[in-house]
Amino acid sequence: MAVLVSQVLSHWNHYFPHSSMSSNQVYSKIDELVKAYEMPGTKTEKVTHKEGGFLSASREYFRVKRKDLVFDVCVAPFGNSVFISWWLYESEGAMKAFLKFTKVGEFLNERAAKRTFYEADEEAVFRACVHSCVLEAIESLTEGTGHRLTELDRQIKEGGM
């Protein structure tokens with residue numbers, strides 16, 4: 001199922017000119033770091049998303065999931081360079097999708113819009129921790145190459161774009 005940009009809670013990306021990092025290198029390092037942080041209830045896996053429509057090619061992403069929060073990290077070659085991005089969104093489970101256009105679905109959406117401080121903090125700490133893992137992975141793989149992320153490069157974008 002496609003994720004709409006309008007469903008995105010946060011986003012981050014960076015372009016690394018003349019870099020030879022591979023997606024497998026980055027994904028393995030992020031996986032190692034996520035496990036080292038011992039975030040409760042967190043699962044990791046590789047997934048694919050279509051590049052366009054139904055018949056288009058698929059691109060591999062590295063997923064970090066905790067409850068309904070999903071991080072999809074993409075490492076993609078672009079010419080002789082590499083582009084890395086992540087997208088944080090709330091997944092829509094099978095039951096939620098089934099009930100989407102019903103009165104029960106409307107009630108659940110209204111309830112979901114009224115998050116508690118605890119739920120908002122839980123999202124924030126998960127986002128900060130996974131983002132930190134991504135940055136640490138990049139730093140360890142670019143050490144000695146001259147690629148450095150500035151403070152502006154490290155900032156997370158809220159919403160879809």
Side-chain angles (χ1 to χ4, degrees), residues 1-98 100 112 115 119-120 122-143 145 147-150 152-161:
M1 179 191 298
V3 177
L4 302 176
V5 173
S6 61
Q7 292 174 278
V8 172
L9 302 170
S10 302
H11 174 247
W12 178 86
N13 65 67
H14 190 74
Y15 172 71
F16 295 87
H18 308 291
S19 178
S20 60
M21 285 184 284
S22 76
S23 59
N24 283 332
Q25 283 178 303
V26 179
Y27 296 161
S28 292
K29 189 64 179 174
I30 294 169
D31 192 34
E32 175 188 316
L33 291 163
V34 165
K35 288 178 176 146
Y37 274 92
E38 299 179 4
M39 291 179 266
T42 301
K43 297 189 181 330
T44 61
E45 66 180 324
K46 289 183 182 177
V47 298
T48 57
H49 287 291
K50 291 288 187 188
E51 291 179 357
F54 178 69
L55 298 175
S56 68
S58 294
R59 180 158 305 278
E60 185 177 69
Y61 285 70
F62 183 74
R63 175 169 289 169
V64 183
K65 184 173 183 185
R66 182 171 190 275
K67 296 183 180 178
D68 288 340
L69 293 174
V70 179
F71 252 96
D72 282 345
V73 181
C74 177
V75 176
F78 191 78
N80 66 356
S81 305
V82 174
F83 179 79
I84 300 177
S85 71
W86 63 247
W87 300 86
L88 174 65
Y89 59 94
E90 193 169 9
S91 67
E92 184 178 79
M95 184 57 81
K96 206 182 227 183
F98 178 72
K100 190 179 214 170
R115 296 183 325 152
E119 291 166 328
E122 199 173 38
E123 176 188 314
V125 72
F126 179 64
R127 176 181 48 233
C129 192
V130 176
H131 183 59
S132 186
C133 290
V134 171
L135 295 178
E136 284 182 51
I138 291 167
E139 286 172 357
S140 74
L141 294 170
T142 59
E143 191 173 340
T145 65
H147 291 288
R148 288 224 180 268
L149 293 173
T150 67
L152 185 60
D153 293 335
R154 296 167 166 275
Q155 291 179 6
I156 298 170
K157 298 167 184 72
E158 296 299 318
M161 289 294 285

Exercise for review: Using modelled atom types only, decide if a donor and an acceptor are shared between the side chain of Ser19 and the backbone of Phe16 within a distance under 3.5 Å.
Suggested key: no

Review point. Atom CG of Leu69 and atom CG of Leu9: how far apart are they, to the nearest 0.5 Å?
Key: 7.0 Å

Review point. Does His131 use its side chain to pair, donor to acceptor, with the backbone of Gln155 at less than 3.5 Å?
Key: no

Practice item. Taking the side chain as every heavy atom from C-beta outward, state whether Arg66 and Glu122 have any atom pair closer than 4.5 Å. Key: yes

Review point. With a 4.5 Å heavy-atom cut-off, do Thr42 and Val130 have their side chains touching?
Key: no

Review point. Do Glu45 and Lys65 meet the salt-bridge criterion of a basic N to acidic O distance under 4.0 Å?
Key: no

Review point. Is a side-chain N or O of Ser85 found less than 3.5 angstrom from the main chain of Trp12, in a donor-acceptor match?
Key: no

Review point. Would you say Arg63's side chain and Val70's backbone share a donor-acceptor pair under 3.5 angstrom?
Key: no

Study note, to complete from the structure: Value for OG (Ser81) from NE2 (His147), rounded to nearest 0.5 Å, stands at 7.5 Å

Review point. Any donor-acceptor pair under 3.5 Å linking the side chain of Ser22 with the backbone of Gln25?
Key: yes

Donor-acceptor pairs under 3.5 Å, side chain of residues 27-37 to any protein atom, not counting sequence neighbours: which ones?
{"residue": "Tyr27", "atom": "OH", "partner": "Glu60", "partner atom": "O", "Å": "2.9"}
{"residue": "Tyr27", "atom": "OH", "partner": "Val73", "partner atom": "O", "Å": "3.4"}
{"residue": "Tyr27", "atom": "OH", "partner": "Val75", "partner atom": "N", "Å": "3.0"}
{"residue": "Ser28", "atom": "OG", "partner": "Asn24", "partner atom": "O", "Å": "2.9"}
{"residue": "Lys29", "atom": "NZ", "partner": "Glu32", "partner atom": "OE2", "Å": "3.0"}
{"residue": "Asp31", "atom": "OD1", "partner": "Lys35", "partner atom": "NZ", "Å": "3.3"}
{"residue": "Asp31", "atom": "OD1", "partner": "Thr44", "partner atom": "OG1", "Å": "2.7"}
{"residue": "Asp31", "atom": "OD2", "partner": "Lys35", "partner atom": "NZ", "Å": "2.9"}
{"residue": "Tyr37", "atom": "OH", "partner": "Ser132", "partner atom": "OG", "Å": "3.4"}
{"residue": "Tyr37", "atom": "OH", "partner": "Glu136", "partner atom": "OE2", "Å": "2.4"}

Review point. In terms of heavy-atom contacts, does CZ of Phe78 have more than 12 from other residues, nucleotides or ligands at under 6.0 Å?
Key: no

Revision key, fill the gap. Here the gap from Leu135 atom CG to His14 atom NE2, rounded to the nearest 0.5 Å, amounts to 10.0 Å

